[in-house]
Amino acid sequence: AFFSATQDIIIDALRIEILPDSKQGQGAGAYVFGYRLGLIISGAGAILLSVNLGWNITYIIMALFILIGIITNLVLKEKKKEIGEIDKNFVENSVINPIKDFVTRQGWYVIVIFLLLYKLNNATIATFANPFYKDIGFSKEQIAYVVKIYGLFATLIGGFLGGVIVSKVKMIPCLLWTGIVEAFTSIAFAYLAYVCVTSPNVEVLMAVVSFDNLVGSIGNVVLIAYLSSLCNRSYTATQYALLSSLIAVSRDFLAAFTGIVLDNIGYIDFFVFNAFLVVPSLLLIRYLPKVEKK
């Protein structure tokens, strides 16, 4: 867990530093695509390999995939000023200064509140999705094929579309419109709950999962690109890690309390209520500082 978290931070910093501002959207799309592709290989791919080769060989094959990243790093050309530099004051330069740089910006507190709230409705759906599918009558096999495999293609398409959108549209409108559309994913889940009151409907499940994955993937790309734009290139790793952790707060902490609401009002009303959770963050968008080019 320690090394994977460290690797995530380093990859994010590398992506932001080596790409120009005009390519950050495509970089975020490639990041989402690669991550999802990795989930396929390490998930369904590993299970299929284990059936035929056993887990020992499967884990060795999985470990060899890291060679892709190693070879990529070896051929990358870093800026000369970045090579051979040794940070003699780690705490000051990698912790204190990045935080000081961020909190001295105009409107930094608006950014913090916005990031805490922006993905709340999406995080809530992710928290309750699998129990929801089971409760409305879908089997494990149906959930596996539709949600885990079929829905993945919509996610990959959304990653590419998100990269294109970010490269063509200004960041603040991107945040506004993706937030609005993501609210409609909650309405789609409410419709799924309504349709499946009598019996589970696989066709509607496929449509809802595809819509949710497509929109969610586009939204992730937009958000990653926005976080990247907020980072000072001198403090990329620390600032991106701190900003992305604000989103994790809503995912891991705030969303958990919505379970109390679910217990009292049921799935249909809950998903309608969930759609409005995005409204506070959308109202804050007009107060977000303009994205500065670095």
Side-chain angles (χ1 to χ4, degrees), residues 1-21 23-46 59 62-76 78 82 85 87 90-91 93-99 101-102 111-112 114-116 118-120 122-123 126-127 148 152 155-156 158-160 162-163 166 213 216-255 294:
F2 175 83
F3 285 111
S4 63
T6 304
Q7 186 186 50
D8 286 342
I9 294 170
I10 294 170
I11 290 172
D12 287 323
L14 177 68
R15 171 178 52 80
I16 296 169
E17 290 178 4
I18 67 173
L19 294 176
D21 293 324
K23 298 294 183 182
Q24 288 296 334
Q26 291 93 324
Y31 176 87
V32 171
F33 176 81
Y35 173 75
R36 294 295 181 174
L37 187 61
L39 288 179
I40 298 175
I41 295 172
S42 61
Y59 273 116
M62 291 296 108
L64 291 174
F65 274 100
I66 200 65
L67 289 173
I68 298 171
I70 294 174
I71 294 171
T72 303
N73 280 302
L74 290 175
V75 300
L76 283 176
E78 295 183 89
E82 297 174 350
E85 287 187 354
D87 195 342
F90 175 80
V91 174
N93 294 332
S94 297
V95 180
I96 297 175
N97 287 344
I99 296 176
D101 172 80
F102 181 75
I111 297 173
V112 170
F114 171 76
L115 292 177
L116 285 171
Y118 186 62
K119 279 289 185 177
L120 185 56
N122 191 265
T127 302
K148 303 300 183 183
L152 197 57
T155 303
L156 298 179
F160 282 117
V166 171
N213 286 9
S217 187
I218 293 173
N220 285 338
V221 171
V222 171
L223 189 57
I224 290 171
Y226 177 62
L227 294 180
S228 303
S229 71
L230 295 174
C231 295
N232 185 323
R233 291 185 187 273
S234 300
Y235 310 117
T236 309
T238 302
Q239 288 186 346
Y240 191 91
L242 290 173
L243 291 170
S244 59
S245 68
L246 293 174
I247 301 167
V249 170
S250 65
R251 183 189 65 226
D252 299 333
F253 181 72
L254 295 177
K294 301 176 180 64

Discussion item. Applying side-chain contact (heavy atoms from CB on, under 4.5 Å), can you list everything that pairs with D101, at least two apart in sequence or on another chain?
Written reply: R105, N232, Y235, Q239
Discussion item. Nearest 0.5 angstrom please: I247 CD1 to I224 CD1, how far?
Written reply: 8.5 Å
Practice prompt. Write down the atom of I218, the atom of G158, and the distance for their closest heavy-atom approach.
Written response: CG1-O, 3.3 Å
Item to complete: State, with a plain yes or no, whether a side-chain heavy atom of I66 is found less than 4.5 Å away from one of Q7.
Response: yes
Discussion item. Is the shortest side-chain heavy-atom distance between Y226 and L243 below 4.5 Å?
Written reply: no
Discussion item. Looking at every heavy atom in both G163 and V221, which two are closest together, and how far apart are they?
Written reply: N-CG1, 3.6 Å
Fill in: For G219 against K119, the heavy-atom pair lying closest together
C-NZ, 3.8 Å
Item to complete: Please examine the side chains of Y31 and N220, heavy atoms only from C-beta on, and report whether any two atoms are closer than 4.5 Å.
Response: no
Discussion item. Within this structure, what is the CD-OG1 distance for the pair E17 and T236, rounded to the nearest 0.5 Å?
Written reply: 4.0 Å
Fill in: Interatomic spacing from OG1 in T72 to CG in L67 - rounded to 0.5 Å
10.0 Å
Worksheet item: Taking all non-hydrogen atoms of both residues, which atom of G27 and which atom of L19 are closest, and how far apart?
Response: CA-CD1, 3.6 Å
Worksheet item: With a 4.5 Å limit on heavy-atom distance, are the side chains of L227 and L115 in contact?
Response: yes
Worksheet item: Any side-chain heavy atom of L156 within less than 4.5 Å of one from N213?
Response: no
Fill in: Euclidean distance, F114 CZ relative to L246 CG, rounded to 0.5 Å
11.5 Å
Worksheet item: Are the side chains of L76 and N73 in touch, meaning some heavy atoms are under 4.5 Å apart?
Response: yes
Worksheet, complete the sentence: Closest non-hydrogen contact found for R15 with S228 is NH1-OG, 2.9 Å
Worksheet item: Which is it for D8 and Y240 under the side chain to side chain contact (heavy atoms under 4.5 Å, CB included) test, yes or no, and what are the steps along the way?
Response: CA-CA 10 Å; D8 286 342; Y240 191 91; over 6 Å; no
Worksheet entry | L64 side chain reached by Y59 side chain, heavy atoms, under 4.5 Å | no
Item to complete: Could you tell me whether a side-chain N or O of T155 sits under 3.5 Å from a main-chain N or O of S217, the two making a donor and an acceptor?
Response: no
Worksheet item: Quick one: does P98's side chain get under 4.5 Å of L242's, heavy atoms only?
Response: no
